[in-house]
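Worth saying up front: this structure is predicted, and the values here are computed from it rather than measured.
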Amino acid sequence: MSINLLKNRSILAPSFKWRRLPQNSITARPNTLPADNRILPSHHISNARYLLSVLFTASGLLLAQLANWYFPQLAEVEIKTYEINLFEVVHFKLNIMGAYSIVLFGMIFIYLVIGIYSYFNSDRRIKYLQRAPFRFVSGIGLALWEILGTKTLLLPQPFFPGPSRILEALLMEGGFVFENTLYSLRLFTAGFVSGVVIGVVTGILIGWFPKVYYWVYPVLKITGVIPAVAWMPFALTLFPSPFLAATFLIVISAWFPVAFLTAQGIASTQKVYYEVAKTLGARTSFLVFRVAIPNAMPHIFTGISTANAYAFTTLVISEMMGQPGGLGYYINASRVWSAYYKVFAAIIIMAILFSLIMWGIGAIQRWALRWQRGLVK
């Protein structure tokens, strides 16, 4: 009896019959993901919808322009006219309202150019479409800021000037601001590049040689938690000029994150990679430069991005505490005279510079890690 039961599988469990599903049955299934988690395929973005997103992006800045032109100047603010001399070639007169209009038109033009450029690539079209609401709200924010900070002075003055008042700093002393910007770039470049190079070399030595790890890694952990500006009294004493002292501080601030993450990347390289390379006859130099360092590149660029933020912060603080120039020096000098519109102008310039530097680092990273495309989303 038991033998018959075992033979009859239908008594113990239902029989399963495999069959091939139609090819279109998978595509016919509805998408069960929530609407917020779905990414709209690029081919579903129609040209009309993309054109509306471009116009929607520019409409916020157009509203800011209309507010600048037609909203009455209710508060008593002296609108000065300045003589502008561009490179000793172009001479013209301009007030803060005209300068603000030029900036708004420039932003509109840039967004339109980006929209035209993104039109020919599906991925860029999606990004442009996703960022359109933020850009629209930014234009509305500029309009409200100008009304409250310049037209009516409802914001506390002189601490929160409007955008057009901030541009007055560039009209008054654009050449001086440009000189301080170049000083900051020169100081940042000298310290940041040196810190990154020293950090990468230190991280490779720590991650590859056990003896270097034993002696240097504890020093790295101890000095890394100390803010770079804490070394300023020693730097001003040891170095002959304030520029070299500030460069030293920026080097320290950039050195720690780059060295730490580079060492982690070298140490995290899988042993199987070394074994395969050794089997093919690789030498030590090949293992370091063609196996360990490429594997550590994502860690290295993460350290460089982190070091950029640390170095920029150290740059501003060091310029505020003893440098003969720079945007930090300009901020400190303007704060003494309560010229907060100049402070805002320097802050905006620093934000633009930081964004451009981060974009440059990202571009280099995408080129160096181009082999990851298709492997990492």
Side-chain angles (χ1 to χ4, degrees), residues 27 30-70 99-147 162-164 166-167 170 297-298 301-302 304-306 308-309 312 344-345 347-377:
T27 58
N31 194 343
T32 57
L33 292 175
D36 295 338
N37 296 332
R38 290 201 298 264
I39 299 177
L40 187 64
S42 59
H43 59 272
H44 286 173
I45 301 177
S46 63
N47 294 335
R49 182 179 179 185
Y50 182 76
L51 178 60
L52 289 176
S53 69
V54 175
L55 297 177
F56 183 66
T57 296
S59 61
L61 295 173
L62 286 175
L63 292 176
Q65 189 70 276
L66 293 176
N68 178 43
W69 285 345
Y70 298 108
Y100 185 48
S101 297
I102 293 174
V103 171
L104 289 176
F105 275 127
M107 295 176 64
I108 294 172
F109 177 76
I110 291 174
Y111 283 148
L112 291 178
V113 171
I114 295 175
I116 296 173
Y117 174 72
S118 302
Y119 175 81
F120 301 97
N121 184 278
S122 59
D123 294 334
R124 290 195 293 264
R125 291 181 73 173
I126 295 176
K127 291 181 181 180
Y128 192 92
L129 188 67
Q130 292 174 345
R131 295 172 181 173
F134 177 81
R135 292 166 177 168
F136 174 80
V137 174
S138 298
I140 300 300
L142 286 175
L144 294 176
W145 187 11
E146 176 67 10
I147 292 173
S164 60
I166 295 173
L167 291 175
L170 302 180
M297 289 300 288
F301 277 105
T302 302
I304 292 174
S305 300
T306 306
N308 182 35
F312 219 89
F344 271 97
I347 291 175
I348 293 174
I349 293 174
M350 287 191 296
I352 294 173
L353 290 178
F354 181 80
S355 301
L356 292 176
I357 293 171
M358 287 298 296
W359 178 84
I361 294 174
I364 297 174
Q365 180 178 358
R366 288 188 296 271
W367 177 83
L369 301 180
R370 59 190 181 277
W371 53 270
Q372 283 188 338
R373 295 175 184 174
L375 299 177
V376 181
K377 291 185 179 181

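- Residues satisfying the ring-ring contact (aromatic ring centres under 6.0 Å, His included) criterion with F56, sequence neighbours excluded, are F136.
- Under the ring-ring contact (aromatic ring centres under 6.0 Å, His included) criterion, F344 pairs with no residue at all, not counting sequence neighbours.
- Considering CH2 of W145 and CD1 of I140, their distance stands at 15.5 Å, rounded to 0.5 Å.
- The main-chain N or O of W367 is found under 3.5 Å from a side-chain atom of R370 such that the two form a donor-acceptor pair.
- Qualifying side chain to side chain contact (heavy atoms under 4.5 Å, CB included) partners for A309, counting only residues two or more places apart in sequence or in other chains: F354.
- A search for side chain to side chain contact (heavy atoms under 4.5 Å, CB included) contacts involving I352 returns I348, L356, not counting sequence neighbours.
- Considering only heavy atoms from C-beta on, R135 comes within 4.5 Å of Y128 through its side chain.
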*Check step by step if side chain to side chain contact (heavy atoms under 4.5 Å, CB included) holds for Q365 and T302.*
CA-CA 9 Å; Q365 180 178 358; T302 302; 5.5 Å; no
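- Atoms CZ and CG, from R125 and N47 in turn, are 5.0 Å apart once rounded to the nearest 0.5 Å.
- For S305, the side-chain hydrogen bond (donor to acceptor under 3.5 Å, both in side chains) criterion is met by no residue, not counting sequence neighbours.
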Name every donor-acceptor pair, under 3.5 Å, that has one atom in a side chain of residues 109-119 and the other anywhere in the protein, sequence neighbours excluded.
unit_1, atom_1, unit_2, atom_2, d
Y117, OH, R124, NH1, 3.4
S118, OG, I114, O, 2.8

* Asked: Which is it for L142 and L104 under the side chain to side chain contact (heavy atoms under 4.5 Å, CB included) test, yes or no, and what are the steps along the way?
  -> CA-CA 10 Å; L142 286 175; L104 289 176; 4.2 Å; yes
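- Every side chain to side chain contact (heavy atoms under 4.5 Å, CB included) that S101 has, sequence neighbours left out, goes to Q65, N68, W69.
- Remark: L353 engages T181, L185, F312, L327, I349 in a side chain to side chain contact (heavy atoms under 4.5 Å, CB included) (not counting sequence neighbours).
- Evaluation of the side-chain hydrogen bond (donor to acceptor under 3.5 Å, both in side chains) rule for S164 yields E146, T150 as partners, not counting sequence neighbours.
- Summarising the geometry of A143 relative to A64, their closest heavy-atom pair is CB-CA, 3.7 Å, with the distance given to 0.1 Å.
- Taking CG from L66 and CG from L61, the interatomic distance works out to 11.0 Å, rounded to the nearest 0.5 Å.
- Residues A67 and I147 come closest through the heavy atom pair CB-CD1, 4.2 Å.
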